Student: 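The structure under discussion is supplied below as structure tokens; questions concerning it will follow.
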Amino acid sequence: QVQLVESGGGLVQPGGSLRLSCAASGRSFSIYAMGWYRQAPGKQRELVATITSDGSTNYVDSVKGRFTISRDNPKNTMNLQMNSLKPEDTASYYCNILSPWGASYWGQGTQVTVSS
């Protein structure tokens, strides 16, 4: 069965860094564009970073220059390096494919809390 498992979140002070990981199993995701999403309490889920099957990346303006998305297709994994974290980055972070088929793939997410 297809499963996506996010990890690497935690509590960090403003200006700190975290690296999130996404491990996929059940099928290869190498042909799909993928992304990292985040959702803060009371807010809509936001797509913050994307990466295509060939490695092209895009970021929402609020994280440009601070976050870096990457993927390792042979390992079926994806990462999000987050630097210079701000309190507004606080959210639960999720990975998924950029396809309607991802609707059933949502994992539990990993919580990122940026606070002093």
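Just so you know, these numbers come straight off a predicted model, no measurement behind them. FYI, the numbering just counts along the sequence from 1.
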Student: So, Thr90 side chain and Val114 main chain: donor-acceptor pair closer than 3.5 Å or not?
Tutor: yes
Student: Using atom types as modelled and distance alone, determine if a side-chain donor or acceptor of Asn79 lies under 3.5 Å from a backbone N or O of Ser70.
Tutor: no
Student: Mind checking what makes side chain to side chain donor-acceptor pair (under 3.5 Å) contact with Thr68, not counting sequence neighbours?
Tutor: none
Student: How far apart are the closest heavy atoms of Arg38 and Ser62, and which atoms are they?
Tutor: NH2-OG, 3.5 Å
Student: Partners of Lys86 by side chain to side chain donor-acceptor pair (under 3.5 Å), sequence neighbours excluded?
Tutor: none
Student: Taking only residues two or more places apart in sequence, or in another chain, which ones meet Ser30 in a side chain to side chain donor-acceptor pair (under 3.5 Å)?
Tutor: Ser28
Student: Take atom CH2 in Trp106; do more than 12 heavy atoms of anything else shown fall under 6.0 Å from it?
Tutor: yes
Student: Does the side chain of Asp72 come under 3.5 Å of the side chain of Thr77 through a donor N or O and an acceptor N or O?
Tutor: no
Student: What about Tyr93 and Val12, same hydrophobic cluster or not, with Ile/Leu/Val/Met/Phe/Trp/Tyr joined at side-chain heavy-atom distances under 4.5 Å?
Tutor: yes
Student: Would a distance-only check, ignoring hydrogens and angles, find a side-chain to backbone donor-acceptor pair under 3.5 Å from Arg66 to Ser84?
Tutor: yes
Student: Could you check whether any side-chain N or O of Asn76 sits under 3.5 Å from a backbone N or O of Phe29, counting only pairs where one atom can act as donor and the other as acceptor?
Tutor: yes
Student: In terms of hydrophobic clustering (I, L, V, M, F, W, Y; side-chain heavy atoms under 4.5 Å; direct or indirect links), are Met34 and Tyr59 co-clustered?
Tutor: yes
Student: Name all residues meeting the salt bridge (charged side-chain N to carboxylate O under 4.0 Å, His left out) criterion together with Arg71; count only those two or more places apart in sequence or in a different chain, and write none if there are none.
Tutor: none
Student: In sequence, state the C-alpha distance, the side-chain angles, and the governing distance for Tyr94 and Trp36, and then conclude on side-chain contact (heavy atoms from CB on, under 4.5 Å).
Tutor: CA-CA 6 Å; Tyr94 303 84; Trp36 281 96; 5.8 Å; no
Student: Report the residues that fulfil ring pair (Phe, Tyr, Trp, His ring centres under 6.0 Å) with Phe67, sequence neighbours left out, ordered by chain and then residue number.
Tutor: none
Student: Nearest heavy-atom pair of Val60 and Leu47: which atoms, and what distance?
Tutor: CB-O, 4.0 Å
Student: So, using side chain to side chain donor-acceptor pair (under 3.5 Å) as the criterion, who are the partners of Tyr105 when residues are at least two apart?
Tutor: none
